[in-house]
Structure formats: structure tokens, C-alpha cells
Amino acid sequence: MATMNFSIPDDLRNAFNREFSGQNKSAVIVRLMQQAIAEADQQRRRQAAFEQLTAARVERPALTEAAARASREIGRP
């Protein structure tokens with residue numbers, strides 16, 4: 001298992017220690033890191049899906065203004 005060292009503001013450290021007193025703080029940090037990794041992965045997948053959908057838009061035929069107007073007129077009484 002690896003050890004990580006990093007600096008954080010004192011007020012954040014104190015709030016963390018108060019909130020998670022009596023708990024295994026290493027386990028809490030590991031869980032937070034796992035959540036951050038999962039969120040980053042999800043964001044990457046969302047971005048890839050967005051780019052795929054956006055790229056496919058170019059290949060789809062565009063609805064002309066006349067066709068859009070005709071579709072609206074069909075739905076009116």
C-alpha cells in the first residue's frame with residue numbers, strides 16, 4: 001500500500017477531523033478518492049457521448065424551413 005503526503009488548509013483539516021472523529025480517516029479519504037475517480041470517468045463518458053452525438057448531427061439531413069412550416073400547418077385545425 002502506498003502513502004500520500006499533501007498539504008491542505010488548516011481549517012479544512014480541522015473540519016474534516018471534527019466531522020470524521022472516531023472513524024478511520026484513511027478509509028474515508030480512500031472512499032472520497034474512489035468517488036472522485038468514478039465521477040471523472042463518468043464525465044469522460046458523457047463528453048464522449050456528446051461528441052459522438054454532435055458529430056452524427058452533421059450526417060443527418062436538416063429540416064428545411066419550408067418543411068418545418070408544413071409540419072406545423074398539418075397539426076393546426
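Listed by first and then second residue, the salt bridge (charged side-chain N to carboxylate O under 4.0 Å, His left out) pairs involving residues 14-25 amount to none (not counting sequence neighbours). Evaluation of the salt bridge (charged side-chain N to carboxylate O under 4.0 Å, His left out) test over residues 62-71, restricted to residues two or more places apart or in two chains, returns Glu65-Arg69. Each salt bridge (charged side-chain N to carboxylate O under 4.0 Å, His left out) pair with one or both residues in residues 3-13, not counting sequence neighbours, appears once here: Asp10-Arg13. The ring pair (Phe, Tyr, Trp, His ring centres under 6.0 Å) contacts involving residues 17-65 comprise Phe16-Phe20, where partners must be two or more places apart or lie in separate chains.
Linking Ile, Leu, Val, Met, Phe, Trp and Tyr whenever their side-chain heavy atoms come within less than 4.5 Å puts Met33 and Phe6 in one cluster. Each of Met4 and Val30 belongs to its own hydrophobic cluster when Ile, Leu, Val, Met, Phe, Trp and Tyr are linked at side-chain heavy-atom distances under 4.5 angstrom.
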Show me the donor-acceptor pairs within less than 3.5 Å that the side chains of residues 35-48 make with the rest of the protein, sequence neighbours left out.
residue : atom : partner : partner atom : Å
Asp41   : OD2  : Arg45   : NE           : 3.2
Gln47   : NE2  : Glu51   : OE2          : 3.0

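Partners of Arg31 according to the salt bridge (Lys or Arg N to Asp or Glu O under 4.0 Å) rule, which considers only residues two or more places apart in sequence or in another chain, do not exist here. A search for side-chain contact (heavy atoms from CB on, under 4.5 Å) contacts involving Ser71 returns nothing, not counting sequence neighbours. Taking Ala67 as the reference, Leu63, Thr64 meet the side-chain contact (heavy atoms from CB on, under 4.5 Å) condition, with sequence neighbours excluded.
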